[in-house]
Amino acid sequence: MLLGLKTTLTMKRGILNHKGKGPGKVQKVKPKQDKQEVEIKQKMTVSALAQAMNKDFDHIFEALLNTSVDLDSLEPHSVLEEQWIKEVVKRSGMKYKWAKLVESKERENKDTQRRAPPDPAVLVSRPPVVTIMGHVDHGKTTLLDSLRKSQVAAGEAGGITQHIGAFLVQLPSGEKITFLDTPGHAAFSAMRARGALATDIVILVVAADDGVMKQTIESILHAKKAQVPIIVAVNKCDKHQADPARVKQELLSQDVVCEEYGGEVQAIHVSALKGDNLLELAEATVTLAEVMELKGDPTGLVEGTIIESRSDKGKGPVTTAIVQRGTLKKGCTLVAGKTWAKVRFLFDENNCTVKEAGPSTAVEIVGWKELPSAGEEILEVESERRAREVVDWRCYQEEQDKLKEDMQAIEVKQREHQESYKKEREPLAHLSWRQRKSALYKANKKLMAMRPSEKLESQELSLPLIVKGDVDGSVEAILNILEGYDAHHQCQMEVVHFGIGDISENDLNLAETFSGTIYGFNVGVNKSIQQMATKKGIILKMHKVIYKLIDDLKDELSSKLPPSVKENVIGEASVLAMFDVTVGKKKVPVAGCRVQKGQLDRKMKFRLVRGRDVIWEGSLTALKHHKDDVQMVKTGMECGLSVAQDIEFRPGDEIECYEETETRQTISWDPGF
């Protein structure tokens with residue numbers, strides 16, 4: 001009975017209390033905050049625990065206050081007992097969990113490799129792969145054009161090859177030669193290197209009227225590095241200024257010795273434009289190929305090299321490749337880098353479908369899942385499952401390598417931090433931890449008082465870039481140039497995104513996010529994207545010639561720089577006396593001066609110099625000659641001048657009148673062409 005009465009009273013009191021809080025008012029329940037978890041283990045040191053908790057070293061000392069631990073004897077390397085490790089974590093408002101012992105299993109290598117050298121019995125003769133190299137505008141594309149009777153040079157921007165072309169040429173005698181046409185422009189060094197590595201013979205084109213130039217020398221170095229024989233084609237021999245003998249002498253300095261000088265290098269005088277001696281050049285190439293006894297294995301799994309890669313609207317990711325071993329057919333499963341392909345179509349240089357491609361054949365491959373990089377090795381695998389295994393392994397391997405690099409960088413940063421930490425605390429080593437904490441607090445008081453919102457943001461100039469190109473090699477060439485950017489002290493330049501294909505909405509979103517500029521090379525942009533870019537205020541810069549793109553980029557970087565201000569002193573005067581003039585109820589100090597040199601112009605800026613010190617800089621409030629207000633006072637004339645600030649002029653002071661002119665700064669970066 002009594003228990004029931006108590007329960008009733010309690011319930012009534014609860015109802016009254018609830019009513020007292022007002023209608024519709026519900027007590028807010030604070031959301032439960034998740035405590036930070038700290039991984040602990042046996043025999044942890046003070047510094048290890050601090051690191052696990054992401055706290056300062058001295059935080060552990062504070063957490064162990066009023067415990068039986070002897071704080072004065074505690075050092076960073078001191079080992080803590082289990083109970084004190086748990087106590088520190090609890091007092092810090094965190095929760096602990098025991099670290100798990102994980103046994104890392106080594107992952108099995110699933111990569112694929114090139115096959116062992118073939119049996120000589122299965123080898124058959126194959127056409128030579130010939131790379132045409134040389135300086136820009138020395139006639140490489142025109143030479144190929146004459147060989148295969150098609151207009152390629154006319155289609156190139158400004159007649160300059162922008163990417164590698166691969167063609168199969170059949171001579172009247174029936175022999176076949178696979179030609180690679182590489183760019184001669186300074187920007188495409190990596191493409192020339194790839195062309196040299198995938199070739200049997202290099203034809204070095206040198207203009208008879210121009211001689212050995214920078215990219216000629218670079219091409220020779222690529223050929224020597226790849227250990228590939230050279231045939232020299234002395235082009236433009238039909239010109240009046242042509243001097244083939246000078247070309248051969250200049251080649252001697254690069255250790256390229258022609259036959260007439262007792263060497264082994266054949267030199268053929270040609271005119272690509274008129275078609276002179278082209279058959280002789282082709283025959284020389286075939287002869288050299290016969291001497292080299294070039295053989296290929298048309299059996300087994302395919303091996304090759306990607307010469308170029310691009311994204312095509314209708315075909316998707318497309319690569320131009322040279323088959324080096326095996327016979328490539330529709331349906332083959334290929335792996336290159338971190339992507340794979342189930343071959344859907346094969347195209348020749350005339351965009352005609354082919355059923356198969358044997359050794360030394362240049363072919364376009366359609367069917368890639370993603371776009372591989374130019375220069376990647378192509379290897380055929382047995383199945384799609386095997387291809388996925390290889391790609392997964394390569395991605396995993398890359399992640400592991402990156403992880404190692406990151407760990408090394410972290411260790412370096414940690415060492416630097418520990419060294420600076422020790423240096424900071426060395427003068428305080430003799431103090432107790434309480435005194436040390438007090439000293440550090442006083443030293444950092446100003447920094448602690450400053451709110452993050454009050455901290456000044458860096459005023460560094462920057463230009464974020466989005467780069468889009470038609471093929472992988474073009475983008476690579478542009479990025480290689482941008483890697484050499486060395487004017488970060490003037491303006492920061494950062495490539496936030498790069499890719500292959502036309503300008504997309506994603507590119508615009510990135511440009512808007514980073515306030516960047518989009519540079520397109522040999523790519524298109526549709527009307528809707530252009531309108532969207534205009535609406536968002538995003539700059540699109542489209543180019544077809546690489547050096548014009550770089551010139552445009554240099555101009556944009558220069559436009560970011562503040563103008564440089566140049567001072568020009570136009571007049572000097574000496575202060576002779578000081579006197580006060582009453583203007584209304586106020587006395588205004590006036591300096592009586594004589595112009596010693598040039599003229600004083602009231603519109604210009606003035607400077608007061610006393611000895612070697614500049615006392616004041618600014619503008620005049622009044623300039624008078626006798627009692628008249630004047631705009632200008634010339635040499636030998638006396639005048640009175642006054643300023644807005646309360647400046648004390650003294651006899652003997654110098655007054656300088658100067659003008660400031662602004663000139664546009666130019667970025668100091670030199671891309672090398």
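What you find for D472 and P372 is that their closest heavy atoms are CG-O, 4.4 Å. Residues A208 and K236 come closest through the heavy atom pair CB-O, 4.0 Å. Here the shortest heavy-atom pairing between T517 and L463 reads OG1-CD1, 3.8 Å. Across all non-hydrogen atoms, the minimal contact from P128 to K176 is CD-O, 3.4 Å. Minimum interatomic distance between D297 and P118 (heavy atoms only, all atoms of both residues): OD2-CB, 3.5 Å. Looking at every heavy atom in both residues, G326 comes nearest to R115 through N-NH2, 4.3 Å.
You'll find the side chain of R388 reaches within 4.5 Å of the side chain of E384, heavy atoms only. A heavy-atom distance below 4.5 Å is not found between the side chains of L371 and T339. Under the 4.5 Å side-chain criterion, counting only non-hydrogen atoms from C-beta, L346 is in contact with I365. In this structure the side chain of L508 reaches within 4.5 angstrom of the side chain of L540, judged on heavy atoms. Under the 4.5 Å side-chain criterion, counting only non-hydrogen atoms from C-beta, Q490 is not in contact with L461. Side-chain atoms of K330 and T353, non-hydrogen and from C-beta on, never get closer than 4.5 Å to each other. Looking only at side-chain heavy atoms (C-beta outward), L221 and K225 stay at 4.5 Å or farther from each other. Contact check for D312 versus V366: no side-chain heavy atoms found under the 4.5 Å cut-off.
Note that K315 lies in the cation-pi zone of F347, set by a 6.0 Å cut-off to the ring centre and a 45° limit from the axis.
The CG atom of L403 sits 10.5 Å away from the CD atom of Q408 when rounded to the nearest 0.5 Å. Note that CD1 of I538 is 9.0 Å distant from OG of S515, once rounded to the nearest 0.5 Å. For the atom pair F521 CZ and K544 NZ, the distance stands at 9.0 Å (nearest 0.5 Å). Here the OG1 atom belonging to T534 is positioned 11.0 Å from the CD1 atom belonging to I539, to the nearest 0.5 angstrom. Here the CG-CD1 distance, from L281 to I177, works out to 8.0 Å after rounding to the nearest 0.5 Å. Separating the CG atom in D238 from the CG atom in D209 is a distance of 9.0 Å, to the nearest 0.5 Å.
N235 places no side-chain N or O within 3.5 Å of a backbone atom of V205 that could act as its donor or acceptor partner. Side-chain atoms of E476 never come within 3.5 Å of backbone atoms of A374 as a donor-acceptor pair (strictly under, hydrogens ignored). Side chain of D502 to main chain of G524: a donor-acceptor pair is present (N/O by atom type, distance under 3.5 Å, no hydrogens or angles). Checked by atom type and distance alone, the side chain of R325 never pairs as donor or acceptor with a backbone atom of V302 at under 3.5 Å. Side-chain N or O atoms of K329 include none that pairs as donor or acceptor with a backbone N or O of E356 at under 3.5 Å. With S383 contributing its side chain and R386 its backbone, the two residues share a donor-acceptor pair below 3.5 Å. Distance alone, capped at 3.5 Å, is enough to place a donor-acceptor pair between the T199 side chain and the T131 backbone. Put simply, the side chain of S360 gets close to the backbone of P127: a donor and an acceptor are under 3.5 Å apart.
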> Can you list the steps and then say if D470 with R310 is a salt bridge (charged side-chain N to carboxylate O under 4.0 Å, His left out)?
Replying inline: CA-CA 6 Å; D470 57 340; R310 63 188 171 86; over 6 Å; no

>> Is there a side-chain contact (heavy atoms from CB on, under 4.5 Å) between D552 and Y519? Walk through the geometry before answering.
In response: CA-CA 10 Å; D552 195 357; Y519 277 82; 4.3 Å; yes

>> Run the side-chain contact (heavy atoms from CB on, under 4.5 Å) test on T333 and E382 for me, step by step, so that the C-alpha distance in whole Å, both residues' side-chain angles and the decisive distance to 0.1 Å come before the verdict.
In response: CA-CA 7 Å; T333 306; E382 301 82 15; over 6 Å; no

> Given L482 and V467, is the side-chain contact (heavy atoms from CB on, under 4.5 Å) satisfied, shown in steps?
Replying inline: CA-CA 11 Å; L482 300 186; V467 178; 4.2 Å; yes

> side chain to side chain donor-acceptor pair (under 3.5 Å) between D555 and S558: does it pass, once the steps are laid out?
Replying inline: CA-CA 5 Å; D555 286 342; S558 298; 5.3 Å; no

> Checking side chain to side chain donor-acceptor pair (under 3.5 Å) for the pair T305/Q324: CA distance, chi angles, key distance, verdict?
Replying inline: CA-CA 7 Å; T305 300; Q324 292 166 325; 3.2 Å; yes

> Yes or no on side-chain contact (heavy atoms from CB on, under 4.5 Å) for L561 and C491, after CA distance, side-chain angles and deciding distance?
Replying inline: CA-CA 7 Å; L561 304 178; C491 180; 4.0 Å; yes

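Under the 4.0 Å criterion applied to side-chain N and carboxylate O atoms, E108 and K110 are assigned as salt-bridge partners. With respect to K402 and E405, no salt bridge is recorded, no charged nitrogen being found less than 4.0 Å from a carboxylate O.
Each of M213, Q254, M133 was evaluated against S219; a single residue qualifies, M133, per the side chain to side chain contact (heavy atoms under 4.5 Å, CB included) test. Partner E308 forms a side chain to side chain contact (heavy atoms under 4.5 Å, CB included) with one of T320, T319, V318 and no other, that one being T320. If you run side chain to side chain contact (heavy atoms under 4.5 Å, CB included) between V232 and each of V265, I220, I203, only V265 comes through.
Atom CD of E505 has 12 or fewer heavy atoms from other residues, nucleotides or ligands within 6.0 Å.
The aromatic rings of W669 and Y485 stand perpendicular to each other, their planes meeting at an angle above 60°, with 30° marking the opposite boundary.
In this structure, a donor-acceptor pair under 3.5 Å is present between the side chains of S528 and N526.
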